[in-house]
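Only heavy atoms go into these numbers, but all of them, side chains included; no hydrogens, no water, no symmetry mates.
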Amino acid sequence: MEINFPFSTSRQNPSLMLPTPPTFTKMASMAFPVLQSPRNSTPLSSSNKEQTQNWNALKFVRGKKLLKDLSTWGIGGPCNYFVQVFHQTHLLSAIRYCREFSIPYVVIGKGSNCLFDDLGFDGCVILNQIDFLERMEPGVYRAGSGFRFNHLGSLSCNEGFTGLEFAAGIPGTVGGATYMNAGANGQETANVIESVDIVTTEGNFRTLNRIDLTFGYRSSSFQDMGNLAAIVAATFRLERSGSAKKRQQELLKRRRATQPVNERSAGSVFRNPVNLGVSAAELIDKAGLKGCSIGGAMVSNIHANFLVNNGASTSQDMLNLIALVKDKVDSKFGVELEEEVLYFHPYWNYANWER
């Protein structure tokens, strides 16, 4: 999972991050059946020779980076611009580049909640590699937004601190987990956040304390910040515990037994319905959809809220399967499932945003 912030200089737009994005409010409202991939178009890449542009010590690759290599679903064509950032100053420079040349952009980490189109993305994909870790004091960790969230979970439990046991099973980044308020097994990211460092679309760095932030189920204040460009780092305050490591090992064992960990997926595709006492997975299972497939996309036989790429799925296969699952569950139970993943239209614009 990671942070996603589409942006265009033609008008200041709300940030998303994460069905979210960076997790996802405005984007979460985008209906998958409506956002059909433009099948009659051709991939954005037009040259077999890699083109690069250097700007303020950053290397922008043109038209060759395949988004399927940046997504846990393994789906997606080439992006028009691609750049990696390893420090907050690099991130700011990349954002300024996109602003100066009016290029839409998105910031991603592990791509574990992203569905990219086979045609790619006609903008800039900024790969967040800001992966530092600082131990401020015992139990207090400040991590770059590109730091692996599962690694932070394992490390903190190994050092005897509780609060992030669940994180070891989440293949995303600190930025994405913060933006989405990732959680599982009764724990969530918001419970242990002390502060979050961000960069705004105006190029300013800010530190937001926990009291300044609001979190909910798979939601955060960041999803409604119109001037948010990206999360840079987050500080977590954990409590000492002698049983944290054991509990984490139990959670990981359960995860391996109940989730398709060896298949290409984006994790849970749908949010659990609120106040119904039933999970999205249970509804999908009871609708008889386990094993249902469209093209190369299939509802996992192990966990019904995981849609997997069997190796040949196109973005349209996955979009169609998501739409089918939503329709069947709604028809059978009267429950409208809400996506927890983001689909990125290849030609991002405000018409798509409003939809």
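- Formation of a donor-acceptor pair under 3.5 Å by the Asn158 side chain with backbone atoms of Ser154 is found in this model.
- Among all heavy-atom pairs drawn from Ser195 and Thr207, the shortest one is CB-CG2, 4.1 Å.
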**OP:** Carefully, step by step, assess Leu164 and Phe149 under the rule side chain to side chain contact (heavy atoms under 4.5 Å, CB included).
**Re:** CA-CA 9 Å; Leu164 288 175; Phe149 196 52; 3.8 Å; yes

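- Looking only at side-chain heavy atoms (C-beta outward), Val83 and Cys124 come within less than 4.5 Å of each other.
- Between the side chain of Asp212 and the backbone N or O of Asn209, at least one donor-acceptor pair lies under 3.5 Å.
- Note that the CD atom of Glu282 and the CG atom of Asp285 stand 8.5 Å from one another [nearest 0.5 Å].
- At least one donor-acceptor pair under 3.5 Å links the side chain of Arg218 to the backbone N or O of Gly183.
- No continuous path of hydrophobic side-chain contacts links Met136 to Ile231 [ILVMFWY only; heavy atoms under 4.5 Å].
- By the 4.5 Å heavy-atom criterion applied to side chains, Val269 and Trp73 are counted as neighbours.
- A donor-acceptor pair shorter than 3.5 Å cannot be found between the side chains of Ser265 and Glu263.
- Within a 6.0 Å radius of CD in Glu239, no more than 12 heavy atoms belonging to other residues, nucleotides or ligands are found.
- Between Leu324 and Cys292, some side-chain heavy-atom pair lies under the 4.5 Å cut-off.
- In summary, the aromatic rings of Phe344 and Phe116 are positioned with their centroids under 6.0 Å apart.
- A heavy-atom distance below 4.5 Å is not found between the side chains of Thr201 and Ile95.
- Partner Lys253 forms a side-chain contact (heavy atoms from CB on, under 4.5 Å) with one of Arg255, Gln249, Arg256 and no other, that one being Arg256.
- Arg271 pairs in a salt bridge (charged side-chain N to carboxylate O under 4.0 Å, His left out) with only one of the listed residues (Glu339, Glu340, Glu338), which is Glu338.
- Here the side chains of Asn80 and Phe121 are not in contact, with every heavy-atom distance at 4.5 Å or above.
- Here the closest heavy-atom approach between residue Pro138 and residue Arg240 is recorded as CB-NH2, 4.2 Å.
- Atom CZ of residue Phe161 and atom CZ of residue Arg237 lie 10.5 Å apart, to the nearest 0.5 angstrom.
- Cluster membership for Ile126 and Phe205, using ILVMFWY side-chain heavy atoms within less than 4.5 angstrom, is shared.
- Residue pairs meeting the ring-ring contact (aromatic ring centres under 6.0 Å, His included) criterion with at least one member in residues 257-305, sequence neighbours excluded, are His303-Phe306.
- You'll find the side chain of His151 stays beyond 4.5 Å of the side chain of Leu133, heavy atoms only.
- Using a 4.5 Å heavy-atom threshold, the side chains of Phe215 and Phe222 count as touching.
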**OP:** Apply side chain to side chain contact (heavy atoms under 4.5 Å, CB included) to Ile302 and Val308, showing your working.
**Re:** CA-CA 11 Å; Ile302 300 174; Val308 300; over 6 Å; no

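- Transitive grouping of hydrophobic side chains (ILVMFWY, heavy atoms separated by less than 4.5 Å) brings Phe101 and Tyr105 into a common cluster.
- Applying the side chain to side chain donor-acceptor pair (under 3.5 Å) definition to pairs two or more places apart or across chains, those involving residues 84-97 are Gln53-Tyr97, Gln84-Gln129, His87-Thr89.
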**OP:** Start with the C-alpha distance between Asp118 and Ile75, add both sets of side-chain angles, then the distance that settles side chain to side chain contact (heavy atoms under 4.5 Å, CB included), and finish with yes or no.
**Re:** CA-CA 7 Å; Asp118 293 317; Ile75 297 173; 3.7 Å; yes

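- Using a distance-only test at 3.5 Å, with no hydrogens or angles considered, no donor-acceptor pair links the side chain of Thr235 to the main chain of Glu194.
- A distance of 11.5 Å separates CD1 in Ile108 from CG in Leu342, rounded to the nearest 0.5 Å.
- Heavy-atom minimum distance, Ala280 versus Pro273: N-CD, 3.7 Å.
- Rounded to the nearest 0.5 angstrom, Leu152 CG and Leu238 CG are separated by 7.5 Å.
- Between Val335 and Val329, the shortest heavy-atom contact is O-CG1, 3.6 Å.
- With hydrogens and angles ignored, the 3.5 Å screen pairs no side-chain donor or acceptor of Asn54 with any backbone N or O of Ala57.
- Hydrophobic clustering, with ILVMFWY side chains joined whenever heavy atoms are under 4.5 angstrom apart, keeps Met298 apart from Leu307.
- The closest donor-acceptor contact from the side chain of Tyr343 to the backbone of Ser315 lies at 3.5 Å or more, if one exists at all.
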Original post:
Stepwise, does the side chain to side chain contact (heavy atoms under 4.5 Å, CB included) test hold for Gln187 with Thr162?
Top reply: CA-CA 10 Å; Gln187 294 180 320; Thr162 182; 4.1 Å; yes

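- Listed by chain and number, the residues in a side-chain hydrogen bond (donor to acceptor under 3.5 Å, both in side chains) with Ser268 amount to none (sequence neighbours excluded).
- Sparse packing is recorded around NZ of Lys328, with 12 or fewer heavy atoms of other residues, nucleotides or ligands lying under 6.0 Å away.
- The two residues Ala266 and Thr72 come nearest to each other via the heavy atoms CA-OG1, 3.7 Å.
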**OP:** Dump the intermediate steps for side-chain hydrogen bond (donor to acceptor under 3.5 Å, both in side chains) on Thr314 and Gln316, then the final yes or no.
**Re:** CA-CA 5 Å; Thr314 65; Gln316 195 62 56; over 6 Å; no

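- Counting heavy-atom neighbours within 6.0 Å of Glu137 CD, excluding the residue itself, gives a total above 12.
- Not a single donor-acceptor pair under 3.5 Å links the side chain of Gln51 to the backbone N or O of Gly63.
- For the pair Arg99 (side chain) and Glu202 (backbone), a donor-acceptor distance under 3.5 Å is absent.
- In this structure, Leu252 CG and Glu165 CD are separated by 10.5 Å, a value rounded to the nearest 0.5 Å.
- Cluster annotation: Val261 is not connected to Ile170 through the hydrophobic network of ILVMFWY side chains, with a link wherever side-chain heavy atoms come within less than 4.5 Å.
- Counting only heavy atoms from C-beta outward, the side chains of Tyr141 and Arg135 approach each other to under 4.5 Å.
- Closest of all the heavy-atom pairs between Ser102 and Pro104 is O-CD, 3.7 Å.
- A donor-acceptor pair under 3.5 Å is absent between the side-chain atoms of Ser71 and the main chain of Leu67, judged by distance alone.
- Here CG of Asn181 is found 11.0 Å from OG1 of Thr214. Values are rounded to the nearest 0.5 Å.
- At most 12 heavy atoms of other shown residues, nucleotides or ligands fall within 6.0 angstrom of atom CG in Asn262.
- A cation-pi contact links Arg62 to Tyr81, judged by a cut-off of 6.0 Å to the six-membered ring centre and 45° from its axis.
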